[in-house]
Amino acid sequence: MSPGEGPARRRDSEISLATRRRLFLVSGAVLAALMTWALAGMPAFGDYHGIYGLLLNRVAVPQEHATNVITAVNFDYRGFDTLGEEFILFAAVLGLALILRERRDEEEGPPDDDAVGRQVSGASVAVRLITVALVGPTVLLAGYIIAHGAITPGGGFQGGVIAATALLFVYLGGEYLALRRIRPLPLVEITKATGAAGFVLIGIAGLIWGVAFLDNWLPKGTPGDVFSAGTMQLLSVAVGFEITGGFVLILSEFLDQTIVLRRRRGVRSG
Amino acid sequence: MSFLPFAIAIWIFLVGLYGVVTSHHLVHLVICLSVVQSSTYLLLLGIGYRTNGAASIFVDIPPNTKAVDPVVKALTLTDVVVGAAVTALLLALAVQAQKRFGTLDPDELDPLRD
């Protein structure tokens, strides 16, 4: 926007905010009425009688030896859908990396924190201490959550996000350059790809044992044991890798945008 | 009373939608979209709830305890993951809009410019 143009500049075809609000109030009221009508026909809250859920609650433990039925649904009964879900995230991260790639008129500069003449107070000692102290336990917690996906609340998705936050602690407490050292991007990408490929390979491995794709072909162990529930634990670890890689990549791309990418001087945008 | 969770889901949906419609900032718009999406979590979990039902995790409760529906919970998990992915992608687009047009106001974005 050049200085001469202000927010007041509007094209004739544009709808003013007041009109937009009025239109929304009318259509929103209609939508609310329709939704209320639709949901009024649902079974009353707390009176659910869907047969599949109730059945799964009964059979998941004896059949698959997984005490966390939600994980059993995700990684076993509905494993094929989770494969698709995993690839939605994979595609989204790829798209993000593509959108935020270095453009022709941009170059990597020194991190903002290191710019000449810039006074950066940096993180205080207290923040540094707490974040450094939290990195280890966070990674440990992530490993625990991933490894117990089929037993207690958790799994690859939840644990992977927790693992990625460890990276944010490093950024908060340290410097951007320290972050870059512990986050070699090729390795992150390999982690992510391993997770995605691992899920498919564990599924295909079932075919070798003569069962269906993503069937639970491993010995199922004792319910409640870490080494139980067969392939679910392996799939949980694969998803954990993929999610960790994916979120580290997302966070890194956004940090790179604000901290190191500069517009090259003298090149017009376009 | 039994309709309250659904009513709140509808309310969150509409409040988020109102934010999307009247938004002046792309980041605000993306957050409003997350608000719209969070109404689906409430709806899904509200549908699967059974009065006094335990969580469907049978590690320290007897196997035939009354428990809520695990299928909608798994769906909610999918919902959250997809929501995070979509939010990240939309925010990346907002970053590009800022770079290319120098503004984050959707009204200022002119499709014919640049």
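Not measured: the values here are computed from a predicted model. Each chain gets a letter, A, B and so on, in the order its sequence line appears, and its residues count up from 1.
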Q: Quick one: pull up OG in B:Ser56 and CG in A:Leu56 and give me the separation to the nearest 0.5 Å.
A: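 Here the rounded value is 9.5 Å.
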Q: If only atom types and distance count, is the side chain of A:Glu85 paired as donor or acceptor with the main-chain N or O of B:Val82 below 3.5 Å?
A: no
Q: Show the nearest heavy-atom pair for residues A:Ala92 and B:Leu89, with the distance to one decimal.
A: O-CD1, 3.4 Å
Q: Could you tell me which portion of A:Leu89 (side chain, backbone, both or neither) has an atom closer than 4.5 angstrom to a non-hydrogen atom of chain B?
A: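 Both backbone and side chain of A:Leu89 come within 4.5 Å of chain B.
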Q: Treating B:Asp69 as the side-chain partner and A:Gly53 as the backbone partner, does any N or O pair qualify as donor plus acceptor under 3.5 Å?
A: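 Here the side-chain-to-backbone pair exists.
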Q: Using a 3.5 Å cut-off and no angle test, enumerate the donor-acceptor pairs between side-chain atoms of residues 22-45 of chain A and protein atoms at least two apart in sequence or in another chain.
A:
from: A:Ser27; atom 1: OG; to: A:Leu23; atom 2: O; distance (Å): 2.8
from: A:Ser27; atom 1: OG; to: A:Phe24; atom 2: O; distance (Å): 3.3
from: A:Thr36; atom 1: OG1; to: A:Ala32; atom 2: O; distance (Å): 2.6

Q: Which atoms of A:Phe247 are under 4.5 Å from chain B, going by heavy atoms: the side chain, the backbone, both sets, or neither?
A: side chain
Q: Go through the atoms of B:Ile47 and report whether side chain, backbone, both or neither lie under 4.5 Å from a heavy atom of chain A.
A: both
Q: Check whether B:Ala84 gets within reach of chain A through its side chain, its backbone, both or neither, counting any heavy atom under 4.5 Å.
A: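 Just its side chain gets close to chain A.
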Q: Heavy-atom cut-off 4.5 Å, strictly under: side chain, backbone, both or neither for B:Ser23 against chain A?
A: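 Contact with chain A is through the backbone of B:Ser23 alone.
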Q: With a 4.5 angstrom heavy-atom cut-off, could you sort out which part of B:Val81 is near chain A: side chain, backbone, both or neither?
A: both
Q: Would you indicate whether A:Phe241, at its atom CZ, is surrounded by more than 12 heavy atoms from other residues, nucleotides or ligands within a distance under 6.0 Å?
A: no
Q: Run the side-chain contact (heavy atoms from CB on, under 4.5 Å) test on A:Leu100 and B:Val95 for me, step by step, so that the C-alpha distance in whole Å, both residues' side-chain angles and the decisive distance to 0.1 Å come before the verdict.
A: CA-CA 8 Å; A:Leu100 295 182; B:Val95 168; 3.8 Å; yes
Q: Rounded to the nearest 0.5 Å, what separation is found between the NZ atom of B:Lys66 and the CG atom of A:Leu54?
A: 10.0 Å
Q: Quick one: are A:Ile99 and B:Leu93 in side-chain contact, heavy atoms under 4.5 Å?
A: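 Contact flag for A:Ile99/B:Leu93 side chains = yes.
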Q: For the backbone of B:Val68 and the side chain of A:Asn57, can you confirm whether one donor and one acceptor N or O come within less than 3.5 Å of each other?
A: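 Such a contact is found between A:Asn57 side chain and B:Val68 backbone.
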Q: Please name all residues satisfying side chain to side chain contact (heavy atoms under 4.5 Å, CB included) with B:Ala74, sequence neighbours left out, ordered by chain then number.
A: A:Ile70, A:Val73, A:Asn74, A:Arg78
Q: Counting only non-hydrogen atoms closer than 4.5 Å, does B:Leu77 touch chain A with its backbone (N, CA, C, O), its side chain (CB onward), both, or neither?
A: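 Answer is both: backbone and side chain atoms of B:Leu77 are under 4.5 Å from chain A.
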Q: Quick one: does any side-chain atom of A:Arg21 pair with a main-chain N or O of B:Thr22 as donor and acceptor, under 3.5 Å?
A: no
Q: If you count heavy-atom pairs under 4.5 Å between each of B:Ala85, B:Ala92, B:Gly48 and chain A, which one has the most?
A: B:Ala92
Q: Answer with side chain, backbone, both or neither: which region of A:Gln158 has an atom nearer than 4.5 Å to a non-hydrogen atom of chain B?
A: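 The side chain, not the backbone.
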Q: Are any non-hydrogen side-chain atoms of B:Ile57 and A:Val69 less than 4.5 angstrom apart?
A: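 No; the side chains remain at least 4.5 Å from each other.
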Q: Please rank A:Tyr52, A:Phe157, A:Phe254 by heavy-atom pairs under 4.5 Å with chain B and give me the top one.
A: A:Phe254
